[in-house]
Amino acid sequence: METDNDTHILEFLLLGFSKQPESQPIIFGLFCSMYLITVFGNLLIILAVISDYHLHIPMYFFLSKLSFVDICFTSTTIPKMLWNIQTQSKAITYEGCITQIYFLILFAVLDILLLTVMAYDRFVAICHPLHYTVIMNPRLCGLLVLVPWIMSVLNSLLQTLMMMQLSFCTNFEIPHFFCELNQMIQLACSDTFLNTIVMYFAAALLCGGPFFGILCSYSKIVSSICRISSAQGKYKAFSTCASHLSVVSLFYCTMLGVYLSSAATHSSHSSSTASVMYTVITPMLNPFIYSLRNKDMKRALKALFVKRTI
């Protein structure tokens with residue numbers, strides 16, 4: 001691999017999942033299908049929210065933003081992997097790798113923060129229903145989207161700029177299908193102590209903090225639901241947040257499983273395979289979870305298809 005004074009790397013190699021040529025068409029077809037389902041599924045959610053005025057409420061406003069972020073999150077990694085398989089190349093330029101890390105961190109943190117905002121929205125709707133429209137006013141909803149964007153951009157910029165200060169001397173093979181921050185830090189031959197500290201601090205602050213906020217919101221939601229006297233009222237209250245709770249559980253459990261499994265096995269191959277869960281599977285399943293468990297969304301999607309066929 002060519003270098004320029006050991007610091008300006010021209011390209012890295014993304015090793016992906018398998019070195020066997022006969023398995024590449026299967027991997028290409030599988031990931032291409034999942035990517036198309038993710039993009040079209042989330043686009044349908046966005047179009048349904050825009051086209052149906054019944055869905056012009058904070059809950060679906062945040063859902064449409066989450067769908068947009070999911071499309072961007074998946075588009076950061078999968079198209080490059082599909083291109084490499086198609087061209088039978090594993091190369092990614094140093095600039096491309098840095099860009100991929102920037103947007104991957106950006107949209108991953110945005111995903112987490114938007115899930116937290118949606119948990120707060122459900123908390124207000126169930127615990128303070130009489131004041132919901134006053135509390136969740138358009139100005140606050142705008143701020144609850146803008147602030148996560150600002151936090152995500154600043155965090156991603158900091159992590160990427162610190163990443164650019166590292167030197168890479170001998171090992172340019174990334175045992176992953178995308179440029180992942182932790183893997184890149186491990187490949188560096190310069191001192192990575194500060195990078196590691198900042199990475200874990202940001203993870204604790206921007207992943208652990210929101211997760212704690214979601215737990216607090218749902219503990220209060222469950223407490224409020226338990227105080228509802230009628231069984232029908234309890235079911236209606238729980239059904240309004242069941243989809244969101246399913247997505248939160250899926251996202252956090254898969255992400256936690258990735259890092260716990262990689263820490264336990266120390267296997268790069270198992271880590272890259274497990275990463276598929278939160279980078280590909282979760283964004284793909286989100287539209288199904290929200291549409292299948294939500295009557296308003298199913299009605300809007302049905303109306304959307306009827307308009308397209310007329």
Check against side chain to side chain contact (heavy atoms under 4.5 Å, CB included), S223 and R227: CA-CA 7 Å; S223 177; R227 289 197 295 267; 3.1 Å; yes
Assess whether side chain to side chain contact (heavy atoms under 4.5 Å, CB included) is satisfied between M136 and I57, documenting all intermediate values. CA-CA 9 Å; M136 299 303 294; I57 58 176; over 6 Å; no
I'd like to know whether F123 forms a side chain to side chain contact (heavy atoms under 4.5 Å, CB included) with I221, so could you lay out the CA-CA distance, the side-chain angles of the two residues, the decisive distance to 0.1 Å, and finally the verdict. CA-CA 6 Å; F123 159 72; I221 288 172; 4.3 Å; yes
Could you walk me through whether L245 and Y218 pass the side chain to side chain contact (heavy atoms under 4.5 Å, CB included) test, one step at a time? CA-CA 9 Å; L245 189 58; Y218 274 101; 4.1 Å; yes
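Among residue pairs with one or both ends in residues 33-91, none qualify as ring-ring contact (aromatic ring centres under 6.0 Å, His included); sequence neighbours excluded. For residues 120-136, the pairs satisfying side-chain hydrogen bond (donor to acceptor under 3.5 Å, both in side chains) are D121-Y132, with sequence neighbours left out. Within the structure, side-chain hydrogen bond (donor to acceptor under 3.5 Å, both in side chains) contacts touching residues 135-154 (residues at least two apart or in different chains) do not occur.
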Hey, can you pull the donor-acceptor pairs under 3.5 Å for the side chains in residues 106-116, sequence neighbours left out?
{"from": "T116", "atom 1": "OG1", "to": "I112", "atom 2": "O", "distance (Å)": "2.9"}

Show me the donor-acceptor pairs, under 3.5 Å and distance only, between side chains in residues 154-166 and residues at least two apart or in other chains.
{"from": "S156", "atom 1": "OG", "to": "Y102", "atom 2": "O", "distance (Å)": "2.4"}
{"from": "T160", "atom 1": "OG1", "to": "S156", "atom 2": "O", "distance (Å)": "2.6"}
{"from": "Q165", "atom 1": "NE2", "to": "L161", "atom 2": "O", "distance (Å)": "3.4"}

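Proximity of a side-chain donor or acceptor of T76 to a complementary backbone N or O of C72 within less than 3.5 Å is detected.
Residues I78 and I26 are members of separate hydrophobic clusters, defined by side-chain heavy-atom contacts under 4.5 angstrom among Ile, Leu, Val, Met, Phe, Trp and Tyr. Cluster annotation: L143 is not connected to M59 through the hydrophobic network of ILVMFWY side chains, with a link wherever side-chain heavy atoms come within less than 4.5 Å.
Ring geometry for F177 versus F31: interplanar angle of 30 to 60°, hence tilted.
For D296, the salt bridge (charged side-chain N to carboxylate O under 4.0 Å, His left out) criterion is met by R299, not counting sequence neighbours.
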